[in-house]
Amino acid sequence: MIEDILLKALKKIGIEADFVEVEFPRHEALGDISTPLAMLLAKKLRKNPSAIADSIIAAIDEPEIFNSIEKAGAGFINFRFKPSYLCAELKKLYSEGTDYLRPNIGKGKKIQIEFVSANPTGPLHLGHGRGAALGAAVANLLSAAGYSVEREFYVNDAGRQVKLLGESVFARYKAITNTPCDFPQDGYRGDYVDELAGEIYKAQGEKFSHANFDEASEYFIDCAYKAMLAEIKKDLSDFGVEFDRWQSEKELFKDGTVTKSIDALRDKGFIYEQDGAVWFKATAFGDEKDRVLIKTDGQYTYFASDIAYHVLKLNRGFDELINIWGADHHGYIPRIRAVIKAAGGDDNKLVVLLVQMVMLLRGGVPVQMSKRAGEYVTLRDIIKDVGRDITRFIFLTRRPDSQLEFDMEAVKQESPENPVYYIQYAYARINSVFEKAQERQIPISFDSATDLTGLSAPEELQLIKKLIFYPTTFLNAVRTREPHRITFYLQELAGLFHPFYYKHRILDEEETLTLARLMLCACVKIVIGEGLNILGVSTPDKM
RNA sequence: GCCCCCUUAGCUCAGUAGGAUAGAGCACAUGAUUCCUAAUCAUGGGGCCGCAAGUUCGAAUCUUGCAGGGGGCACCA
C-alpha cells in the first residue's frame with residue numbers, strides 16, 4: 001500500500017507517524033493518488049509545506065511504482081502510477097483475495113460488540129433494525145480486520161418491563177376466561193399480547209382463571225418474554241443478523257454477579273446509603289449526580305444490573321467494549337464510564353456508538369406509532385414490504401449519528417434505480433459474463449503471467465486504481481467504525497464498472513485482451529462481493 | 001434552565017485528526033440497445049455548506065454566539 005511507502009519515507013527523514021492520509025485527487029488530471037501529508041506536518045514541524053513535500057519526495061525511491069511524483073497546490077504530493085505497477089497489483093489482488101483486501105490491524109485483539117438488546121416485551125421496530133444493521137456491519141468490519149469479535153445481545157429478562165408484559169398477558173387471559181381483571185396501567189396493548197394469552201389459554205385452559213396475578217406471575221412472565229425473545233431471534237435471523245452470545249439479566253441476579261459487583265464497589269467506598277436507598281457515587285467519576293442502585297422499596301434499579309453487566313464484560317478480558325445504543329440513552333454514558341473507572345477499569349475501552357432515531361414515513365407522511373394503542377410498524381413488516389437488502393443498505397448509507405427518514409413508499413419507488421441494485425447488478429452482470437465465457441469455451445485461467453498490458457483505456461485504469469484503493473477505504477472504515485464508508489466506495493466502484501462495461505466488449509476481443517478484461521472483471525466481483533458481505537447485503541448471481 | 005445530535009442542490013444524503021474549482025443518488029430535460037443482462041450508458045441545468053463573528057497561509061470541517069429540528073436531563077426501563 002502507498003501508505004507504507006509514505007511511512008517509510010517519513011522514517012527516512014526522521015519523522016515518526018503511524019498513520020498517513022491518502023486520497024483520490026479531486027481531478028484526475030492532478031494525479032492518480034494524493035496526500036496532504038506535507039501540509040499536515042507543516043504546523044507540527046514549523047516548516048513550510050513546500051519544503052517538507054520536497055524532502056518527502058526526495059526520500060521516496062520507488063522507480064518501479066511511480067511514473068511521477070509532483071508537488072502541487074499548497075503542498076499536496078501527487079503520484080502517478082506506472083501501468084505495470086497497476087497490473088501487478090491487480091494480479092496480487094486476484095491471487096491473494098481477502099488477504100489483500102483485509103490488512104490485519106486487529107491482530108487477534110478481543111472486541112465485544114453489544115447491540116440491539118431490545119426489551120423482550122414486543123416485536124422489533126425499525127429503530128432496532130438500524131442498530132442491528134450497524135452492529136452487524138461493524139462486527140463484520142472488525143472481524144475482517146483481524147479482531148476477534150464477539151456479538152452479544154443483552155436480554156432484559158428481569159425487572160418491571162417483563163413483569164408488565166406478563167401482567168398484560170394475564171389480563172387478556174382473564175378476559176378470555178370471563179374472569180376479567182383490570183388491565184395494568186402502562187401495560188402492553190399490541191395484538192401479540194392477545195395472541196399470547198390465547199396460546200396460554202389453549203395450553204392451560206381454565207387453570208389460572210381464578211388465580212390472581214401474584215399466584216400466576218412467574219408462569220405468565222416467563223411464558224410471555226420467552227415467546228417474545230423467540231420472535232426477536234427469528235426477526236434478527238430473517239434480517240441476517242446473528243449473535244454469539246445472549247446474556248440474561250436475570251442470570252446476573254441469580255448467580256450473584258449483581259451483589260458481588262456492588263459489594264466490590266462498596267469495599268472501595270463508592271456505595272452509600274441515604275434516604276433509605278443505596279447509592280453509587282457516580283459524581284466521584286465525572287457523572288453529574290449520584291445514582292440509585294436499590295430503591296427504598298428494596299427493588300434494584302436497572303442501573304444495578306447494568307453495573308454488574310459491564311463489570312462482567314470487563315472481567316471477561318476484552319480489549320474494547322462497543323455498545324450500540326439509541327441516541328435517547330446518551331445521558332447514560334457518563335454513569336457507565338463512572339462504573340468502569342470505579343471498578344478500576346480503563347474507560348477508554350468503552351466505545352459507545354449512538355444511533356439516532358428513525359422517522360418512518362409513508363409517501364411523505366409520518367407513520368403514527370403508539371405503543372400504548374399497540375399500533376406500530378414492525379421490522380418484520382418492513383422486511384416483508386421493502387425487502388431486507390434495501391432496508392439494510394439504507395441504514396448503512398447514512399451516518400449513524402444523523403436522524404434518518406425512512407419513507408417506505410419512496411424507498412420502494414426508487415426501486416429499479418436503487419443504489420443497492422446498482423451495485424448488485426454490477427456483480428450479477430460480471431457473473432453473467434463469466435457464464436457466457438464458459439458457454440463459448442473461452443479458457444479462463446489467470447496467473448502471474450497473464451498479460452494485462454492491454455488494459456490501457458481510461459475506464460480500465462480508473463477501475464484498477466479504485467480496486468487497489470479498497471484496502472485504504474477499508475482501514476478508514478475500521479478505524480472510525482463507520483461501515484457507511486464501504487457503502488459509498490461500492491457505489492463509486494459500480495459507477496466505474498458500468499460505463500466500462502458499456503463502452504468495451506469483453507468476450508469479443510482477441511484472446512489476450514479478453515482474458516485481461518475477464519481478470520479485471522473477476523477482481524471487481526471479488527471486491528464488490530467482499531464489500532457487500534461486510535454490509536450484510538446479498539450478492540445475487542442473477543437479477 | 002442544562003446536556004447531546006442534526007442543519008450541504010427541489011428531495012434523500014456523503015464529504016469533518018482543517019486542504020486543490022464542494023460531491024452522489026433520486027427527481028427533471030434530451031439522447032443511446034441488430035452486439036457479453038437497458039436494474040445500464042451519455043449530456044445538461046441546478047449551491048450565501050442554517051446565520052454571524054473568531055482562530056490561520058487556508059474553514060462545510062475547529063472555537064464562540066444565535067436560529068430551526070430531534071433527543072435526553074427519575075428511587076422508569
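Since we're looking at a predicted model, the values are computed, not measured. Here is how names work: the chains are called A, B, and so on, in the same order as the sequence lines, proteins then strands, and each is numbered from 1.
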Requested in this report: Send over the distance from Leu507(A) CG to U37(B) C1', rounded to a whole Å.
Outcome: 12 Å

**Report entry** Gap in Å between the two C1' atoms, one belonging to U55(B) and one to U64(B), rounded
**Finding:** 11 Å

Query raised in the report: Among the nucleotides C36(B), G70(B), C13(B), which one has an atom lying closest to any side-chain atom of Met357(A)?
Result: G70(B)

Query raised in the report: Using the ring of each side chain (for Trp, its six-membered ring), is Phe220(A) parallel, tilted or perpendicular to Phe170(A), with breaks at 30° and 60°?
Result: perpendicular

Requested in this report: Select base, sugar-phosphate, or nothing to describe what Arg160(A) touches, counting heavy atoms under 4.0 Å on all strands.
Outcome: sugar-phosphate

Query raised in the report: Taking any strand in view, what nucleotide pairs with G18(B) in a Watson-Crick or G-U wobble way, both distances under 3.5 Å?
Result: none

Query - Atom P, compared across C26(B) and A42(B): separation rounded to whole Å - result: 12 Å

Requested in this report: State whether Arg429(A) places a side-chain N or O below 4.0 Å from either non-bridging phosphate oxygen (OP1 or OP2) of A38(B).
Outcome: yes

Requested in this report: For nucleotides G18(B) and G72(B), find the distance between their C1' atoms and express it as a whole number of Å.
Outcome: 31 Å

Query raised in the report: For the residue pair Tyr154(A) and Tyr309(A), is the inter-centroid distance of their aromatic rings smaller than 6.0 Å?
Result: yes

Query raised in the report: Going by modelled atom types, is there a donor-acceptor pair between the base of A20(B) and the side chain of Asn78(A) at under 3.5 Å?
Result: yes

Report task. Check whether the ring centres of His498(A) and Tyr422(A) lie less than 6.0 Å apart, and answer yes or no. Result -> yes

Query raised in the report: Per the atom types in the model, does the base of G69(B) pair as donor or acceptor with the side chain of Gln403(A) at under 3.5 Å?
Result: yes

Query - Residue that, paired with Tyr489(A), satisfies ring pair (Phe, Tyr, Trp, His ring centres under 6.0 Å) out of Phe474(A), Phe469(A), Tyr470(A) - result: Tyr470(A)

Report task. Classify the ring geometry between Phe66(A) and Phe81(A) as parallel (under 30°), tilted (30 to 60°) or perpendicular (over 60°). Result -> parallel

Report summary line: Arg440(A) has its side chain closest, among C36(B), C73(B), A20(B), to C36(B)

Requested in this report: Looking at every strand, decide which applies to Lys289(A) at a 4.0 Å heavy-atom threshold: base, sugar-phosphate, or nothing.
Outcome: sugar-phosphate

Report task. Report yes if a side-chain nitrogen or oxygen of Arg399(A) is closer than 4.0 Å to either non-bridging phosphate oxygen (OP1 or OP2) of G15(B); otherwise report no. Result -> yes

Requested in this report: Could you tell me whether the phosphate oxygens of C41(B), OP1 or OP2, come under 4.0 Å of any side-chain nitrogen or oxygen in Tyr422(A)?
Outcome: yes

Query raised in the report: Looking at the side chain of Asp401(A), which of A20(B), U37(B), C6(B) is the nearest nucleotide?
Result: C6(B)

Requested in this report: Establish whether the base of C75(B) is bridged to the side chain of Thr296(A) by a donor-acceptor pair shorter than 3.5 Å.
Outcome: yes

Query raised in the report: Closest to the Pro499(A) side chain: A42(B), C75(B), A77(B)?
Result: A42(B)

Query raised in the report: With a 4.0 Å cut-off on heavy atoms, is Asn476(A) in touch with a base, just the backbone sugar-phosphate, or nothing at all?
Result: nothing

Report summary line: The answer to which of Gln356(A) and Phe434(A) contacts RNA chain B further toward the 5' end, by nearest nucleotide, is Gln356(A)

Query raised in the report: Counting any heavy atom closer than 4.0 Å, what does Leu354(A) reach on the DNA or RNA strands: base, sugar-phosphate only, or nothing?
Result: nothing

Requested in this report: Whole angstrom is fine here: how far is it from CD in Gln441(A) over to C1' in C36(B)?
Outcome: 16 Å

Requested in this report: Would you classify Phe488(A) as touching base, sugar-phosphate or nothing, given that sugar-phosphate means primed atoms plus P, OP1 and OP2, and contacts are heavy atoms under 4.0 Å?
Outcome: sugar-phosphate

**Report entry** Pairing partner (Watson-Crick or G-U wobble, both distances under 3.5 angstrom) of U40(B)
**Finding:** A32(B)

Report task. Starting at atom CZ of Arg26(A), determine the distance to atom P of U21(B), rounded to an integer number of angstrom. Result -> 8 Å

**Report entry** pair Lys71(A)-Ile57(A): side-chain heavy atoms closer than 4.5 Å
**Finding:** yes

Query raised in the report: When the aromatic ring centroids of Phe253(A) and Tyr300(A) are compared, is their separation below 6.0 Å?
Result: yes

Query raised in the report: Are Glu249(A) and Ser305(A) linked by a side-chain donor-acceptor pair shorter than 3.5 Å?
Result: yes

Query raised in the report: Rounding to the closest angstrom, what is the interatomic distance between G31(B) and C36(B) at atom P?
Result: 25 Å

Query - Between U8(B) and A60(B) - C1' atom distance, rounded Å - result: 7 Å

Requested in this report: Figure out the CZ/C1' separation between Phe497(A) and A39(B), and round it to whole Å.
Outcome: 14 Å

Query raised in the report: So what does Thr487(A) touch, heavy atoms closer than 4.0 Å: a base, only the sugar-phosphate, or nothing?
Result: nothing

Requested in this report: Using only side-chain N and O atoms of His484(A), determine if any of them is under 4.0 Å from OP1 or OP2 of G15(B).
Outcome: yes

Query raised in the report: In whole angstrom, what separates Asn418(A)'s CG from C13(B)'s P?
Result: 14 Å

Report task. Look at the side-chain N and O atoms of Ser402(A) and state whether any lies under 4.0 Å from the OP1 or OP2 oxygen of A14(B). Result -> yes

**Report entry** Between U12(B) (P) and Leu360(A) (CG): distance, integer Å
**Finding:** 15 Å

Requested in this report: State the pairing partner of G10(B); accept Watson-Crick or G-U wobble contacts with both distances under 3.5 Å, and report none otherwise.
Outcome: C26(B)

Report task. For G23(B) and A39(B), measure between their C1' atoms and round to the nearest Å. Result -> 24 Å

Report task. Pick the C1' atom in A22(B) and in G58(B), then give their distance to the nearest Å. Result -> 15 Å

Requested in this report: Remember a base hit wins even if backbone is also touched, and classify Glu435(A) as base, sugar-phosphate or nothing at under 4.0 Å, heavy atoms.
Outcome: nothing

Report summary line: Of Ala158(A) and Ala428(A), the one whose nearest nucleotide on RNA chain B sits closer to the 5' end is Ala428(A)

Requested in this report: Please measure how far the C1' atom in G15(B) lies from the corresponding atom in C6(B), and state the result in whole Å.
Outcome: 16 Å

Report task. Find the distance Gln491(A):CD to C26(B):P and express it as a whole number of Å. Result -> 10 Å

Report task. Using a heavy-atom cut-off of under 4.0 Å over every strand shown, decide if His498(A) touches base, sugar-phosphate, or nothing. Result -> sugar-phosphate

Query raised in the report: Quick check: are there more than 12 heavy atoms from other residues, nucleotides or ligands sitting under 6.0 Å from NZ of Lys163(A)?
Result: no

**Report entry** Partner nucleotide of C62(B) by Watson-Crick or wobble geometry (both distances under 3.5 Å)
**Finding:** G54(B)

Query raised in the report: What's the closest nucleotide to the Tyr421(A) side chain, out of U21(B), A39(B), A32(B)?
Result: A39(B)

Query - Pair of N/O donor and acceptor under 3.5 Å linking A77(B) base with Thr121(A) side chain - result: no

Query raised in the report: So does Lys436(A) get a side-chain nitrogen or oxygen closer than 4.0 Å to the phosphate oxygens (OP1/OP2) of U37(B)?
Result: yes

Report summary line: In whole angstroms, the gap separating P of C26(B) from CD1 of Ile390(A) amounts to 14 Å

